[in-house]
Amino acid sequence: MTSDLSDLLSHDFILVDVAASGKKALFQHIAAVTGKALALDPVTISAALAEREKLGSTGFGGGVAIPHARIPGIPRIALLVARLAKPIDFAAVDDVPVDIVVAMLSPPNAGAEHLKALARVSRKFRNRAFVDKLRGAGSRDAFYALLTADEAREAS
């Protein structure tokens, strides 16, 4: 299994230095970007992310959050990865404010596929060294290159 995220990620869905005052503003920003690119209603996307967040924080520690939602009309699983200009409170399990956000949008019927993608993303983002590299990436291109590099290839 590949460890890169290139099959779930497009360059258009890499955002660096996003200014967001809180979760609501962040979800609206994510929804505006993804909605426009995928021809979906941003209000639906933002509301779905907020609804999922009400079930429990998607901030899983180390300054990383993986908000996710099932979106009617989306053709396939899509990731948007953002580095925030300033960390925001996400009520994360470790109470550390979040500055790296991986939003995952899935079709409503992508049951096992949704869970497998979520597991891949969380495995990758639990790696503190990898997350530190993302924080230090100087540009959107460098950020994208880190996200799509296959570690198995790099190790050989």
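Not measured: the values here are computed from a predicted model.
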Which is it for Arg83 and Asp17 under the salt bridge (charged side-chain N to carboxylate O under 4.0 Å, His left out) test, yes or no, and what are the steps along the way?
CA-CA 6 Å; Arg83 182 177 66 200; Asp17 302 327; 3.7 Å; yes

Quick check: do [X] and [Y] have side-chain heavy atoms less than 4.5 Å from each other?
| X | Y | answer |
| --- | --- | --- |
| Arg126 | Val64 | no |
| Glu53 | Leu49 | no |
| Phe13 | Leu79 | no |

For the [atom1] atom of [X] and the [atom2] atom of [Y], what is their distance to the nearest 0.5 Å?
| X | Y | atom1 | atom2 | answer |
| --- | --- | --- | --- | --- |
| Ile30 | Met104 | CD1 | CE | 13.0 Å |
| Ile45 | Gln28 | CD1 | CD | 12.0 Å |
| Ser46 | Lys24 | OG | NZ | 8.0 Å |
| Asn127 | Lys133 | CG | NZ | 8.0 Å |
| Leu26 | Leu84 | CG | CG | 5.5 Å |
| Leu38 | Leu105 | CG | CG | 7.5 Å |

Same apolar cluster: [X] and [Y], side chain cutoff 4.5 Å:
| X | Y | result |
| --- | --- | --- |
| Val121 | Phe130 | yes |
| Ile14 | Ile77 | yes |
| Val96 | Val98 | no |
| Phe27 | Ile74 | yes |
| Phe125 | Leu118 | yes |

Test Arg52 against Arg70 for side-chain contact (heavy atoms from CB on, under 4.5 Å), laying out the working first.
CA-CA 9 Å; Arg52 166 56 193 86; Arg70 296 175 193 265; over 6 Å; no

Chi angles and distances behind the salt bridge (charged side-chain N to carboxylate O under 4.0 Å, His left out) call for Glu51, Lys54:
CA-CA 5 Å; Glu51 247 341 277; Lys54 284 180 190 168; 3.1 Å; yes

Of all heavy-atom pairs between [X] and [Y], which one has the smallest distance, and what is that distance?
| X | Y | value |
| --- | --- | --- |
| Leu40 | Pro72 | CD2-O, 3.9 Å |
| Ala149 | Lys124 | O-NZ, 3.9 Å |
| Ala31 | Pro42 | CB-O, 3.1 Å |
| Ala25 | Ser21 | CB-OG, 3.7 Å |
| Thr58 | His68 | CG2-CE1, 3.9 Å |

Could you tell me whether a side-chain N or O of Ser57 sits under 3.5 Å from a main-chain N or O of Phe90, the two making a donor and an acceptor?
yes

Check Leu8, Val81, Val102 against Leu147 for a side chain to side chain contact (heavy atoms under 4.5 Å, CB included) and give me the one that passes.
Val81

Partner of His29 under side chain to side chain contact (heavy atoms under 4.5 Å, CB included), picked from Leu80, Leu15, Val101, Thr34, is Leu15

